[in-house]
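Residue numbers start from 1 in every chain, and the chains themselves are labelled A, B, ... in the order their sequence lines are given, proteins ahead of strands.
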Amino acid sequence: MARPFNVRDIESKWQERWRTSGFYEVDNDDPRERFYALCMYPYPSGVAHQGHVRNYTFGDLVVRYQTMRGRAVLSPFGFDSFGLPAENAAIKAGSHPRLFTDQRILELKESVRQLGAVYDWRREVQSHDPTYMKYAQMIFLKFFEAGLAYRAKATVNWCPGCVTVLANEQVGADGTCERSGDLVERKELEQWFFRITDYAEELLKEIDTLEWPERVKTMQRNWIGRSEGVEFSLVVEGSPDLSIRVFTTRPDTGFGVTYAVVAPEHPLLETITTNEQKSAVAELVERTRVASELERTASSSGGDGLEKRGAFTGSYVINPFNGARVPVYVADYVLGTYGTGAIMAVPSEDERDYAFAHVHKLPIVRTVQIPEGFTGGAYTGEGPKINSDFLNGLDIATSKTLATEFLIEKAEGAVTVNYRLRDWLVSRQRFWGNPIPIIHCGACGLVPVPLDQLPVLAPDDVVMDKSGQSPLATHEEFRKVACPRCGADARREADTMDTFTDSSWYFLRFTDPFSEGLAFDPVAAASWMPVDQYIGGIEHAILHLLYARFYMKALIDVGLAEGLPREPFRRLFTQGMIRMDGSKMSKSKGNLVAPQQYYDSVGADGLRLFHLFVGPPADDVDWTQQTNDVIDGCGRFLDRLYRLAQGDECHFRTDESPADLALRRSVHKTIVRVSDGLDKWSYNTSVASLMELLNTVSKYAREGSGAFRPVFDEAIDTMLLLLAPMAPHVTAEMWEQRHGAASELHAQLWPVPDAALLIDDTVTMVVQVAGKVRARLEVPPDISEADATTAALADENVQRILLGAAPRRVVAVPPRMVNIVP
RNA sequence: GCCCGGAUGGCGGAAUGGUAGACGCGGAGGCCUCAAAAGCCUCUAUUCGAAAGGGUGUGUGGGUUCGAAUCCCACUCCGGGCACCA
């Protein structure tokens with residue numbers, strides 16, 4: 001494509017200028033109003049792909065726009081540089097992950113620079129940087145001292161592909177690993193956890209205060225999964241001292257309990273299992289132990305496997321509501337890790353219980369009147385209580401209250417809240433991560449590495465393989481250490497931290513990477529936090545965004561972040577992903593379209609404009625055959641603007657004309673429209689109004705009576721200002737051509753519309769007859785209702801359609817429209 | 001199964017109770033040129049009509065309203081999230 005200017009020369013000129021000018025570096029004592037703009041820091045995967053381009057285009061737009069709004073904008077960049085891909089690549093090549101990582105950081109940095117995105121690079125953070133590691137370890141130890149980090153044996157998720165344990169959040173709904181896609185196995189292992197469940201209530205409550213996309217908030221609420229109910233005791237028949245605690249959210253259905261279930265992991269299972277039932281129960285327990293999460297949680301609707309997935313224990317418990325004896329089963333549909341690990345089963349009003357009862361031929365007693373025509377099994381809807389003694393005829397809510405009181409009095413009942421959220425498993429059996437700074441001493445137990453010995457760094461000569469053992473575990477020199485407390489021979493912890501721990505506080509480090517001896521100075525951090533605009537992918541809706549919220553609260557509570565807001569990200573924007581042939585554009589799918597070819601043709605400015613223009617930023621983008629044409633179109637728009645601004649094709653006149661006022665009105669209306677679009681994340685319409693304005697100015701200056709220079713100049717300058725955050729290079733170049741090297745476009749303030757120019761002399765009023773448009777009239781904007789009606793009725797076409805008949809009714813909304821009802 | 005989005009020309013999309021289809025892509029025609037590329041101009045939902053003008057039209061069916069892409073009810077399809085959490 002032949003262009004009126006040299007894209008590469010212009011773009012590299014300005015990129016170099018931004019790199020060296022320090023214009024986008026902000027100090028912590030900057031007196032301007034502050035704005036913290038942040039894109040989620042990336043895993044360094046090499047040259048940027050279109051997803052990065054899209055993300056950083058939005059981020060850079062925010063930075064430049066807010067800067068022109070007069071704010072001190074904090075715009076840092078860094079790398080989430082620990083993680084499996086580098087380690088796996090290193091194993092394959094017999095090399096060290098640091099080499100891969102450092103190389104890829106350089107590549108990604110270069111891509112970002114070529115996009116023209118501006119950052120305060122003095123604040124750069126890399127997870128694998130020893131300084132950052134030191135403070136990450138220090139935070140771990142603070143959590144450990146505060147009891148927020150603990151070691152426990154638990155049934156955990158093990159990914160055979162990644163040869164490490166995973167957090168619950170990293171396991172998909174189908175029981176596969178979120179990264180590798182392997183089926184996750186369950187293992188009983190001793191691991192490190194963060195007590196995120198301590199914060200379940202706060203994490204849930206504060207979601208309401210966040211300006212986040214509704215669906216992200218919903219996903220977090222569901223993940224935390226709060227449910228309110230009653231815990232009470234079921235006394236075992238024949239053993240008055242023995243009872244099973246159960247949890248229910250439907251105490252009102254107590255009269256419908258026809259059996260009870262304990263989880264295969266339940267501590268009382270052995271005690272209550274009778275001799276005759278021992279083998280059946282043992283078989284069930286063994287089956288559950290080896291079954292994958294997937295098998296265990298497979299849909300309950302398939303009755304086929306269900307029969308085998310439960311066994312009678314031989315014991316009975318007494319239903320406190322009616323004194324009935326009901327059998328106790330063990331079944332794998334009850335989880336040992338939730339509630340009390342045991343339930344009262346009400347097949348009539350619970351679908352899972354219904355399915356189980358159906359297969360095991362257990363009785364079903366309805367306690368809610370089913371609606372007429374209801375044909376399903378369990379009925380979970382509203383209705384009057386039946387078969388329920390003192391609850392009969394009442395609604396469910398009232399019955400719940402009464403039944404709860406009953407249980408409190410008669411069955412050691414207590415109102416309880418349960419959460420689906422589990423503690424965060426943070427240890428990983430991998431090499432390329434931050435070592436957990438703990439020493440295991442036979443005498444002293446778990447001993448923190450003294451602060452002055454941080455960071456614990458992994459040695460470079462570690463054998464990384466996929467044996468499943470932590471690579472550090474086999475390095476004798478690393479592991480062997482004297483206990484800091486008693487001096488005896490001890491062993492260093494060999495596991496590393498989940499990389500999500502790194503991304504849980506990097507945004508705090510960005511605010512103050514300068515202080516010595518501190519992760520960050522709370523005063524400096526408080527001057528920037530919370531992040532005013534956080535931008536990233538929807539794929540982090542739960543994982544990163546939940547962990548970071550937890551870290552923020554925990555850091556405050558352990559005293560590292562006093563005075564900071566408890567929520568780190570005030571506003572979140574999640575961009576759509578890029579799809580090609582129906583699937584996400586990604587390195588693993590091999591369908592990447594590298595940005596370089598567009599840097600060469602339409603330039604970074606053209607490509608940025610495309611990402612802004614292609615559709616609403618939150619929507620997914622389909623990369624199709626049409627895409628290249630649209631990108632060319634964006635380049636064409638910049639070319640036209642450039643050519644027009646040269647003035648060679650314009651006719652200039654020295655006297656004023658009515659056309660000048662009309663143009664100025666278009667210009668000032670465009671200021672409003674573009675600003676609104678930028679404020680409301682409607683970048684596509686902002687670009688559209690600039691394109692429209694260019695068409696208008698072009699017509700004004702090249703056709704008809706021609707252009708008046710000052711009006712033309714105002715139009716061009718305004719367009720450059722409005723376009724500056726979107727296409728920063730070419731606009732900066734044009735500004736310099738017009739105003740000289742002393743004036744820098746990006747240092748200008750955002751244009752302010754002249755209110756007087758936002759009002760037109762006449763507006764188009766629509767005349768409808770019976771709701772159909774029959775005429776359009778030019779009327780003054782302050783036309784009265786009577787005048788509007790008169791003008792409407794006088795219209796020739798309206799007259800013709802009315803056939804002289806008097807209107808039955810006239811609705812006038814001056815000056816927009818008049819609707820005549822014949 | 002439950003929850004949340006969404007459905008508008010050939011395509012991406014605009015319009016959140018008042019002119020449906022802004023803007024762009026694609027397409028058609030024209031100007032410029034020896035010719036092409038580039039650029040520029042005009043047209044481009046559909047249908048009847050020579051035109052003036054009219055009919056139809058925002059997934060489907062109903063409703064509210066002077067007036068509905070927009071609000072309400074029911075349904076269909078598409079996308080996403082969650083899914084034995086008692």
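Across the C1' atoms, B:C23 and B:C77 are found 29 Å apart, a figure rounded to whole Å. Rounded to whole Å, the separation between the C1' atoms of B:A14 and B:C4 comes to 24 Å. Nucleotides B:G17 and B:C78 place their P atoms 31 Å apart, quoted to the nearest Å. Nucleotides B:U70 and B:A15 have their P atoms positioned 15 Å apart, rounded to a whole Å. Only the P atoms considered, B:G80 is 16 Å distant from B:G13, to the nearest whole Å. For B:C31 and B:A22, the C1' atoms lie 27 Å apart once the distance is rounded to whole Å. To the nearest whole angstrom, the two P atoms, one in B:C73 and one in B:A52, are 44 Å apart. Comparing the same atom, P, in B:G9 and in B:U46 gives a spacing of 12 Å after rounding to whole Å.
Across all strands, A:Met817 comes closer than 4.0 Å to base atoms (heavy-atom distances). A:Arg816 comes within 4.0 angstrom of sugar-phosphate atoms only, judged by non-hydrogen atoms across all strands, and of no base. Residue contacts for A:Thr337: at a heavy-atom cut-off of 4.0 Å it reaches no nucleic acid atom on any strand shown. As judged by a 4.0 angstrom heavy-atom cut-off over every strand, A:Asn797 is placed among residues touching the sugar-phosphate backbone only. Within 4.0 Å (heavy atoms only), A:Arg808 reaches no atom of the nucleic acid at all. A:Gly339 comes within 4.0 angstrom of no nucleic acid atom, judged by non-hydrogen atoms across all strands. Note on A:Ile801: only backbone sugar-phosphate atoms sit closer than 4.0 angstrom, heavy atoms only; bases stay farther off. Here A:Val614 lies in heavy-atom contact (under 4.0 Å) with sugar-phosphate atoms only. Counting non-hydrogen atoms under 4.0 angstrom, A:Glu703 reaches the backbone sugars and phosphates but no base.
Of the residues listed (A:Trp623, A:Tyr598, A:Phe637, A:Tyr683), the one engaging A:Phe610 in a ring pair (Phe, Tyr, Trp, His ring centres under 6.0 Å) is A:Trp623, and it is the only one.
Taking every side-chain heavy atom of A:Arg309 into account, B:C84 is the closest of B:C84, B:G13, B:C40. Side-chain proximity of A:Ile343 to B:C84, B:U19, B:A86: nearest is B:A86. Listed nucleotides: B:C11, B:C66, B:C23. Nearest to the side chain of A:Val821: B:C66. Nearest nucleotide to the side chain of A:Arg643, out of B:C25, B:U19, B:C40: B:C40. For A:Asn695, taking side-chain heavy atoms from C-beta onward, the closest of the listed nucleotides B:G24, B:G81, B:A86 is B:G24. Among the nucleotides B:A22, B:G18, B:A20, the one closest to the side chain of A:Val773 is B:A20. In the set B:G81, B:U42, B:A86, the nucleotide with an atom closest to the side chain of A:Val334 is B:A86.
B:G54 takes the anti form, because its glycosidic angle lies more than 90° either side of 0.
The side chain of A:Asn684 contributes no N or O atom lying less than 4.0 Å from OP1 or OP2 of B:G12. Between A:Arg636 and B:C25 there is a side-chain polar atom (N or O) within less than 4.0 angstrom of OP1 or OP2. The shortest distance between the side-chain N/O atoms of A:Arg640 and the OP1/OP2 oxygens of B:C40 is below 4.0 Å. Regarding contacts with the backbone of B:U56, a side-chain N or O of A:Lys772 is found under 4.0 angstrom from either OP1 or OP2. Note on A:Arg215: every side-chain N or O is 4.0 Å or more away from OP1 and OP2 of B:C82. In this structure, A:Arg774 reaches the B:G54 phosphate: one of its side-chain N or O atoms is under 4.0 Å from OP1 or OP2.
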For this session: Starting from the C-alpha separation in whole Å, work towards a yes-or-no answer on ring pair (Phe, Tyr, Trp, His ring centres under 6.0 Å) for A:Phe193 and A:Trp424.
Result: CA-CA 5 Å; A:Phe193 292 88; A:Trp424 173 14; over 10 Å; no
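Separating the CD atom of A:Gln575 from the P atom of B:G5 is a distance of 21 Å, rounded to the nearest angstrom. Spacing between atom OH of A:Tyr333 and atom P of B:G1 amounts to 21 Å, rounded to whole angstrom units. Distance CD1 (A:Ile538) to P (B:G5): 13 Å, rounded to an integer number of Å. The NE2-P distance, from A:His540 to B:G81, rounds to 14 Å in whole Å. Summarising the geometry, the separation between CZ on A:Phe610 and P on B:G13 is reported as 11 Å, rounded to the nearest angstrom. Between the C1' atom of B:A38 and the OH atom of A:Tyr642 lies a distance of 17 Å, rounded to the nearest Å. With rounding to whole Å, A:Glu692 atom CD is found 12 Å from B:G21 atom P. To the nearest angstrom, P of B:C23 lies 17 Å from CG of A:Leu641.
A:Asp622 places no side-chain N or O within 3.5 Å of a backbone atom of A:Thr624 that could act as its donor or acceptor partner.
Both distances falling under 3.5 Å, in either a Watson-Crick or a G-U wobble arrangement, place B:C75 opposite B:G59. Using N1 to N3 plus N6-O4 or O6-N4 for Watson-Crick, or N1-O2 and O6-N3 for G-U wobble, each under 3.5 Å, B:C2 pairs with B:G81. Partner assigned to B:A86 is none, using Watson-Crick or G-U wobble distances below 3.5 angstrom. The partner of B:C40 is B:G30, judged by Watson-Crick or G-U wobble contacts that both fall below 3.5 Å. Using the Watson-Crick or G-U wobble rule with both distances under 3.5 Å, B:A35 pairs with nothing in any strand shown. Pair assignment for B:A14 gives none, since no Watson-Crick or G-U wobble pairing has each distance under 3.5 Å. With both pairing distances under 3.5 Å, B:G21 is matched to nothing as a Watson-Crick or G-U wobble pair.
Salt bridge A:Asp648/A:Arg702: absent, no basic N to carboxylate O contact under 4.0 Å. Electrostatic pairing of A:Arg250 and A:Asp353 does not count as a salt bridge here, judged by no charged N lying under 4.0 Å from a carboxylate O. We find that A:Asp252 and A:Lys400 are not joined by a salt bridge, their nearest charged nitrogen and carboxylate oxygen being 4.0 Å or further apart. The pair A:Arg366-A:Glu349 fails the salt-bridge criterion, with no side-chain N (NZ, NE, NH1 or NH2) lying under 4.0 Å from an Asp/Glu carboxylate O.
Of the residues near RNA chain B, A:Arg809 and A:Val630, the one whose nearest nucleotide (by heavy atom distance) lies more toward the 5' end is A:Val630. Comparing A:Thr685 and A:Arg800 along RNA chain B, the residue whose closest nucleotide (by nearest heavy atom) sits nearer the 5' end is A:Thr685.
Taking OG1 of A:Thr57 as the reference point, atom CD of A:Gln575 lies at 9.0 Å (rounded to 0.5 Å). Taking CZ from A:Arg420 and CG from A:Asn418, the interatomic distance works out to 13.0 Å, rounded to the nearest 0.5 Å.
Centroid-to-centroid, the aromatic rings of A:Phe232 and A:Phe247 stay 6.0 Å apart or farther.
Between the side chain of A:Asn819 and the base of B:C66 there is at least one donor-acceptor pair of N/O atoms closer than 3.5 Å.
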